[in-house]
Amino acid sequence: MDFDKRIDTLDYLRGFALMGIIFVNIIPMLSVPLPAPHTINASYWRFLYLFVEGRFYTIFTFLFGVGFYMFITRAEAKGRNGYVLFLRRMIALFIIGYVHVQYLPGEALTIYAVCGILIMPFYKGNKMVNLIFGIAMLIVLGIFSFKLFMVLPLMLLGIAAGQFHVFEQLAKSRNKIAIFTSIMLVLSIIGLIYQYQYAPIVFGDGSDANFQNTKRFLSIGITIGPMVSAFYAGLLIWLLQFTLVQKLLSPLKSYGRMALTNYVSQTAFVLLAGKVLHLFNNITYIQSLYLCLAILGVQLIFSLVWLRFFRFGPLEWVWRVVTYFEIPPLRK
């Protein structure tokens, strides 16, 4: 195995997951009011919580577990103490997240840093045990809609995927990918039909009788989230087995390589737009969609251009310096 070679599929998936996250995060950041019934905003609200909310962060969290396993494995293969390096990496991530959470309450970096330390003992765990325990814990937590606690089993499943070398063997597993994706599609359709039955017409915000109906709709969304996420990821992985798709989606790979920079800058762009354009509590759901698309367009172009001249994203470079206590060359 070439321990210096990036696995492009992981960058594509990371970029894909990150692009979906902003559509949900923007809502609390700009205090977007709940939509009026029977409007395009109401339709978009239902779309958002059927197909976006809880679907992309799940992929992002799973990939964190994969990255954890690969990071320590590659460090150990080079004769370095992977545990010490990873611990430094998590401390740095926590500090970045602590600053970030001041502007985006509920952001993921501090949670990832803490959970990253908690999953360290599982690195040398039996891969079948990690897989079965991760699935079982995810199902139980999903049934009870404990979204925050689902982070740990998702990371554990990522570790198991690393232990089974799933992403190193994709080229030889096209049929298996197709079967997995098909199964997840069927399960996702069943789950989404069930969730849609409870889709609210009038939206409860905690102050009226519609609150319980909305709460049930959202809880079901959390429960079925991992299945829909697995379908999204499986479909993208299958499509990426074709060279034409890789070329068409190449901006996604650059976006994923700069995931930390782009995740934090999403918040900066949203808050800047909110301040300059006076959007706080003064923007509709569908307008938030347009703003997200504009921000993503800027970030995709920036990522492509930046990586033509530099080896790492800005925050990725800082993260690397703190992790290794070395200053790697930034320019290519």
K.L.:
For this output row, return yes or no: ring centroids of F144 and F149 closer than 6.0 angstrom.
P.N.:
no
K.L.:
Taking the side chain as every heavy atom from C-beta outward, state whether I190 and M227 have any atom pair closer than 4.5 Å.
P.N.:
no
K.L.:
Enter the distance from L291:CG to L30:CG here, rounded to the nearest 0.5 Å.
P.N.:
6.5 Å
K.L.:
State whether the number of non-hydrogen atoms from other residues, nucleotides or ligands found under 6.0 Å of I327 atom CD1 is greater than 12.
P.N.:
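Counting other residues, nucleotides and ligands, CD1 of I327 stays at 12 neighbours or fewer.
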K.L.:
Quick one: side chains of residues 115-127, donor-acceptor pairs under 3.5 Å with protein atoms, not counting sequence neighbours, listed by atom name and distance.
P.N.:
unit_1	atom_1	unit_2	atom_2	d
Y123	OH	T73	OG1	2.9
N126	OD1	M128	N	2.8
N126	OD1	V129	N	3.1

K.L.:
I want to check something: taking the side chain as every heavy atom from C-beta on, are F280 and M29 in contact at a cut-off of under 4.5 Å?
P.N.:
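F280 vs M29: side chains apart.
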K.L.:
Let me confirm one number: the CG-CZ distance from L109 to F94, rounded to the nearest 0.5 Å.
P.N.:
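These two atoms lie 10.5 Å from each other.
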K.L.:
Check the hydrophobic clustering (I, L, V, M, F, W, Y; side-chain heavy atoms under 4.5 Å; chains of links allowed) and say if V101 and L148 are grouped together.
P.N.:
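Per the 4.5 Å side-chain linkage, V101 and L148 are not co-clustered.
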K.L.:
Taking all non-hydrogen atoms of both residues into account, name the closest pair between T58 and S229 and its distance.
P.N.:
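Result for this residue pair: CB-OG, 3.3 Å.
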K.L.:
Which pair of non-hydrogen atoms, one from V321 and one from P328, has the smallest distance, and what is that distance?
P.N.:
CG2-CD, 3.8 Å
K.L.:
We want to know whether Q163 and Y69 form a side-chain donor-acceptor pair, criterion being a heavy-atom distance below 3.5 angstrom.
P.N.:
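The answer is no; no qualifying pair exists.
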K.L.:
What is the ring orientation for F64 with Y112, classed by angle as parallel under 30°, tilted 30 to 60°, or perpendicular over 60°?
P.N.:
tilted
K.L.:
In terms of relative ring orientation, are F167 and F62 parallel, tilted or perpendicular, with 30° and 60° separating the classes?
P.N.:
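It falls in the tilted class, 30° to 60°.
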K.L.:
Do E76 and Y83 have side chains that get closer than 4.5 Å, going by heavy atoms?
P.N.:
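A side-chain contact exists here, since the closest heavy-atom pair is under 4.5 Å.
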K.L.:
Please identify each residue that fulfils side-chain contact (heavy atoms from CB on, under 4.5 Å) with Y324, with sequence neighbours left out.
P.N.:
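Listed in chain order: F71, R80, L85, R320, E326.
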K.L.:
Can you name the closest pair of heavy atoms from S145 and S219 and give their distance?
P.N.:
OG-O, 3.0 Å
K.L.:
Side-chain contact, heavy-atom cut-off 4.5 Å: I27 with Y285?
P.N.:
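Yes; the side chains approach each other to less than 4.5 Å.
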K.L.:
Test side-chain contact (heavy atoms from CB on, under 4.5 Å) on L48 and L289 and set out the steps.
P.N.:
CA-CA 10 Å; L48 197 64; L289 167 63; over 6 Å; no
K.L.:
For the CG atom of L240 and the CG atom of L248, what is their distance to the nearest 0.5 Å?
P.N.:
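If I round to the nearest 0.5 Å, the distance is 10.5 Å.
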K.L.:
Is the positively charged end of K215 above the ring of Y198, judged by distance under 6.0 angstrom from the centroid and angle within 45° of the axis?
P.N.:
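K215 over Y198 ring: no.
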K.L.:
Is it true that V52 and V270 fall in one hydrophobic cluster, defined by side-chain heavy atoms closer than 4.5 Å?
P.N.:
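As far as the 4.5 Å side-chain criterion goes, V270 and V52 are connected within one cluster.
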K.L.:
In terms of the angle between their ring planes, are W306 and F302 parallel, tilted or perpendicular, with boundaries placed at 30° and 60°?
P.N.:
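W306 vs F302 ring planes: tilted.
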K.L.:
Do S303 and N262 have a side chain donor and acceptor closer than 3.5 Å?
P.N.:
yes
K.L.:
Tell me the closest heavy-atom pair linking P329 and W317, and the distance in Å.
P.N.:
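Smallest interatomic distance, heavy atoms only, reads C-NE1, 4.4 Å.
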K.L.:
Using the ring of W319 (Phe, Tyr or Trp, six-membered ring only), decide whether R89 places NZ or CZ under 6.0 Å from its centre and within 45 degrees of its axis.
P.N.:
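Cation-pi check for R89 and W319: passes.
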K.L.:
Give the minimum heavy-atom separation between A259 and L18, together with the two atoms involved.
P.N.:
O-CD2, 3.4 Å
K.L.:
Might you confirm whether atom CG of N281 has over 12 heavy atoms from other residues, nucleotides or ligands at distances under 6.0 Å?
P.N.:
yes
K.L.:
State yes or no: do L244 and I177 share one hydrophobic cluster built from I, L, V, M, F, W and Y residues joined by side-chain heavy-atom distances below 4.5 Å, directly or via other members?
P.N.:
no
K.L.:
With a 4.5 Å heavy-atom cut-off, do R311 and R331 have their side chains touching?
P.N.:
no
K.L.:
Does any non-hydrogen side-chain atom of Y232 lie less than 4.5 Å from one of M184?
P.N.:
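They are not in side-chain contact.
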K.L.:
Can you confirm whether more than 12 heavy atoms, excluding those of K247, are under 6.0 Å from its NZ atom?
P.N.:
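No - once you tally the heavy atoms of other residues, nucleotides and ligands closer than 6.0 Å, there are 12 at most.
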K.L.:
Would R88 and F325 count as a cation-pi pair here, with the cationic atom under 6.0 angstrom from the ring centre and within 45° of the axis?
P.N.:
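Yes, R88 lies over the aromatic ring of F325.
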K.L.:
Verify whether the ring centers belonging to F23 and F56 lie closer than 6.0 Å.
P.N.:
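No, too far apart.
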K.L.:
Identify whether I193 and L50 are in the same connected component of the hydrophobic contact network (ILVMFWY, side-chain heavy atoms under 4.5 Å).
P.N.:
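As far as the 4.5 Å side-chain criterion goes, L50 and I193 are connected within one cluster.
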K.L.:
Would you check, one step at a time, whether the test salt bridge (Lys or Arg N to Asp or Glu O under 4.0 Å) holds for K253 with D8?
P.N.:
CA-CA 7 Å; K253 181 172 70 171; D8 288 343; 3.7 Å; yes
K.L.:
Taking side chain as C-beta onward, heavy atoms only, is I135 less than 4.5 Å from L157?
P.N.:
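I135 vs L157: side chains touch.
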K.L.:
Could you check Y196, W45, Y194 and say which one makes a ring-ring contact (aromatic ring centres under 6.0 Å, His included) with F217?
P.N.:
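Of Y196, W45, Y194, ring-ring contact (aromatic ring centres under 6.0 Å, His included) with F217 is met by W45 alone.
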K.L.:
Go through M258 and F312 one step at a time and tell me if the side-chain contact (heavy atoms from CB on, under 4.5 Å) criterion holds.
P.N.:
CA-CA 7 Å; M258 292 175 51; F312 314 102; over 6 Å; no
K.L.:
Quick check: closest heavy atoms across G15 and Y255, and the distance to 0.1 Å?
P.N.:
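Looks like O-CD2, 3.6 Å.
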K.L.:
Assess whether atom CZ of F242 is packed by more than 12 heavy atoms of other residues, nucleotides or ligands within 6.0 Å.
P.N.:
yes
K.L.:
My understanding is that only residues two or more places apart in sequence, or in another chain, count here; which of them pass salt bridge (charged side-chain N to carboxylate O under 4.0 Å, His left out) with R55?
P.N.:
none
